[in-house]
Structures are given as C-alpha cells and as structure tokens.
Amino acid sequence: MTGLDFSPASLSLAQDLAGRVGADVDFVESDVYDAVETLGRTDFDLVFTGIGALCWLPNIRRWAEVVARLLRPGGRLFLREGHPILWALSEPREDGLLVVEYPYFEREEPLVWDQNSTYVQTDARLSATVTHEWNHGLGEIVTALQCAGLTLTALVEHDSVPYEAFPGSMERLDNGEWQLIKARWRLPLSYTLQAGKPA
Ligand SMILES: C[S@@+](CC[C@H](N)C(=O)[O-])C[C@H]1O[C@@H](n2cnc3c(N)ncnc32)[C@H](O)[C@@H]1O
C-alpha cells in the first residue's frame, strides 16, 4: 500500500497511525498532481481518496487524469468525499434555514479563508491561518472521470458526514458519523463513488 501527501506533518502522523495498527504502507511526499512521476508506477489496483481531499485541488480534470494514469487496466477508484452542495452552504443560521452562499461549480479563483481554528475538535490555535479551497460540482467530478477514460460503476449520496460540519446543528450517530438534527432529508452531506479503468 502507498500513501501520498505533500505535507511532511501529515505523512508523519499517518506513518504513526499505520504503525499502531500494523499496516504496511509506503508513505511518499508529493503533490498529488505529480503522483505518476513521483511514484513511477501506473499499475495500481485501487486508488482511494478520502474526505476533505478534493477541495484543496484547483482543477478536477487534472486530478481525474492522474487517477486514471495511476490505475492498471481493470483497476478502480473508490472515493468518499464531502458533498459539493454541503461545501456551498453558509454557516448555520439560528432559524435552521440552509443558505447557498459559496460556489457549487469549480471556479478558477479560490475561496480564501483566514481562520485560526479548524474543524478538528481541538482548542489549539493555528499559526498559518490562510487557506485556499475550490469546490467541484458532482457532475464536474463524474464528467472529469469519464473524460479521463474511467467508467462510473457506483454513485451514492449520503445524509451523513464524518465530521461536525455545522456545529450545534448536528447529532453524532453511533457509527461516528454526523447528521443534521432538523430535517436531515433536505440535502446530501457526503457521497461515495466508484469508477473502473476498462481492462
Ligand atoms: C483534510 S486532509 C484529508 C484527510 C484524509 N482524507 C482522511 O480522511 O483522513 C487533506 C490532506 O490533503 C493534503 N493535500 C492537500 N493538497 C494536496 C496536494 N496538492 N497534493 C498532496 N496532498 C495534498 C494535505 O496535506 C492534507 O494532509
């Protein structure tokens, strides 16, 4: 198994976690857009991308092309991500209304945030406070994968997400996921997607 990230701090934490559960993983430092060149391989059986990864990438088509190149013929992508409509919503309002404030579609200009706190449950304050994010619509993600030569085999939208996206408006389920307390059927919060590279 290979884990890839461009942050030495993230890699070090991942290495520690893998060690504690006895997982045999090679961790590699690289920008994901350079993954094929850095790893020097195009024969992976599976590419997995987890929650909170795509929002840091400015161009979804470039990402999809990297995934397609990494996979061997017959290999597959499994993706679980925060839903782009969730990331387009404003902060929760007291009246419980959900308001679309931020871009749903990919735009060239990033969303720029300047905050000294994070979604992780911690009292620690950040010293590097500015982040840049990009949203990508669900259709843009599916189309990017298809244009890169992958075949969509599953796409499911879920009404839960594994972090408290709207503090105070969500409840934690027994499985560790978070759901809206009020009318949770109003919108998807995450999705899972599978796509295969034709053999
Ligand atoms: C929110 S974390 C993802 C957590 C992980 N998906 C999980 O479920 O535990 C985002 C990670 O993406 C990494 N990242 C952001 N942009 C990247 C890029 N262009 N290339 C490689 N890694 C990147 C960050 O360093 C960070 O470790």
Side-chain angles (χ1 to χ4, degrees), residues 1-21 23 25-42 44 46-71 76-84 86-88 102 106-122 124 126-136 138 140-141 144-145 148 156 158 160-167 170 172-173 175-178 188-195:
M1 205 186 312
T2 305
L4 184 136
D5 199 293
F6 69 0
S7 156
S10 292
L11 289 171
S12 155
L13 274 171
Q15 182 82 65
D16 181 51
L17 264 176
R20 281 195 268 153
V21 297
V25 187
D26 291 328
F27 287 101
V28 178
E29 186 181 324
S30 169
D31 191 308
V32 71
Y33 285 137
D34 301 327
V36 174
E37 291 71 24
T38 307
L39 298 171
R41 286 179 56 187
T42 53
F44 287 95
L46 177 76
V47 169
F48 169 79
T49 297
I51 292 268
L54 299 188
C55 60
W56 306 112
L57 303 178
N59 188 309
I60 200 66
R61 291 218 177 201
R62 276 179 68 201
W63 166 81
E65 281 158 18
V66 171
V67 172
R69 287 176 67 204
L70 287 170
L71 290 171
R76 77 192 164 99
L77 163 73
F78 185 91
L79 169 65
R80 178 156 194 228
E81 256 298 3
H83 202 287
L86 167 67
W87 290 341
Y102 303 112
E106 181 178 301
R107 304 188 71 214
E108 212 169 297
E109 313 78 51
L111 265 176
V112 183
W113 302 96
D114 190 353
Q115 294 167 328
N116 68 357
S117 61
T118 162
Y119 59 89
V120 175
Q121 282 150 347
T122 172
L126 305 177
S127 53
T129 58
V130 178
T131 55
H132 296 81
E133 292 184 30
W134 293 264
N135 209 355
H136 317 284
L138 198 53
E140 291 175 329
I141 295 164
L145 292 167
V156 182
H158 308 281
S160 68
V161 70
Y163 65 98
E164 192 179 13
F166 294 129
M170 303 186 86
R172 189 163 194 195
L173 308 178
N175 63 6
E177 295 271 311
W178 293 81
L189 300 180
S190 63
Y191 65 95
T192 41
L193 177 157
Q194 287 194 79

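When a ligand or atom number is given, it counts from 1 through the structure's own listing order. In this text the structure is predicted, and so the values were computed from the model without any measurement.
Annotation: side chain of Leu54 is in contact with side chain of Leu79 (closest heavy-atom distance under 4.5 Å). Taking the side chain as every heavy atom from C-beta outward, Trp63 and Thr49 approach each other to under 4.5 Å. Looking at Glu29 and Pro8, their side chains come closer than 4.5 Å, going by heavy atoms from C-beta outward.
When only non-hydrogen protein atoms are considered, atom 19 (N) of ligand 1 lies nearest to Asp31 OD1, 3.2 Å. Scanning the protein heavy atoms around atom 12 (O) of ligand 1, the nearest turns out to be Asp5 OD2, 3.8 Å. The shortest contact between atom 15 (C) of ligand 1 and any protein heavy atom is with Phe6 CE1, 3.5 Å. For atom 6 (N) of ligand 1, the closest non-hydrogen atom on the protein side is Ile51 O, 3.0 Å. Nearest to atom 2 (S) of ligand 1 among the protein's heavy atoms is Gly52 O, 3.8 Å. Protein heavy atom nearest atom 20 (N) of ligand 1, with residue, atom name and distance: Val32 N, 2.9 Å.
Interface of Ser7 with ligand 1, defined as ligand atoms under 4.0 Å from a residue heavy atom, comprises 25 (O). Close approach to Trp56 involves these atoms of ligand 1, each under 4.0 Å from a residue heavy atom: 10 (C), 15 (C), 16 (N). The distance from ligand 1 to the heavy atoms of Gly50 drops below 4.0 Å at these ligand atoms: 6 (N). Which parts of ligand 1 touch Ser30 is read off a 4.0 Å heavy-atom cut-off, strictly below it: atoms 20 (N), 21 (C). Atoms of ligand 1 lying under 4.0 Å from at least one heavy atom of Leu57, given by number and element, are 19 (N).
By the neighbour-count criterion of 12 heavy atoms within 6.0 Å, atom CD of Glu109 is densely surrounded, having more than that number from other residues, nucleotides or ligands.
Rounding to the nearest 0.5 Å places CD of Gln194 at 12.0 Å from CG of Leu145. The CG atom of Leu70 sits 10.0 Å away from the CG atom of Leu77 when rounded to the nearest 0.5 Å. Atom SG of Cys55 and atom CD of Glu81 lie 6.5 Å apart (nearest 0.5 Å).
The aromatic ring centres of Trp113 and Tyr102 sit less than 6.0 Å apart.
Atom 27 (O) of ligand 1 lies below 4.0 Å from at least one non-hydrogen atom of the protein.
Cation-pi geometry between Arg41 and Phe44 is met: under 6.0 angstrom from the ring centre, within 45 degrees of the axis.
Every heavy atom of Ala9 sits 4.0 Å or more from the atoms of ligand 1.
Of the N or O atoms in Ser10, one or more lie within a sub-3.5 Å distance of an N or O in ligand 1.
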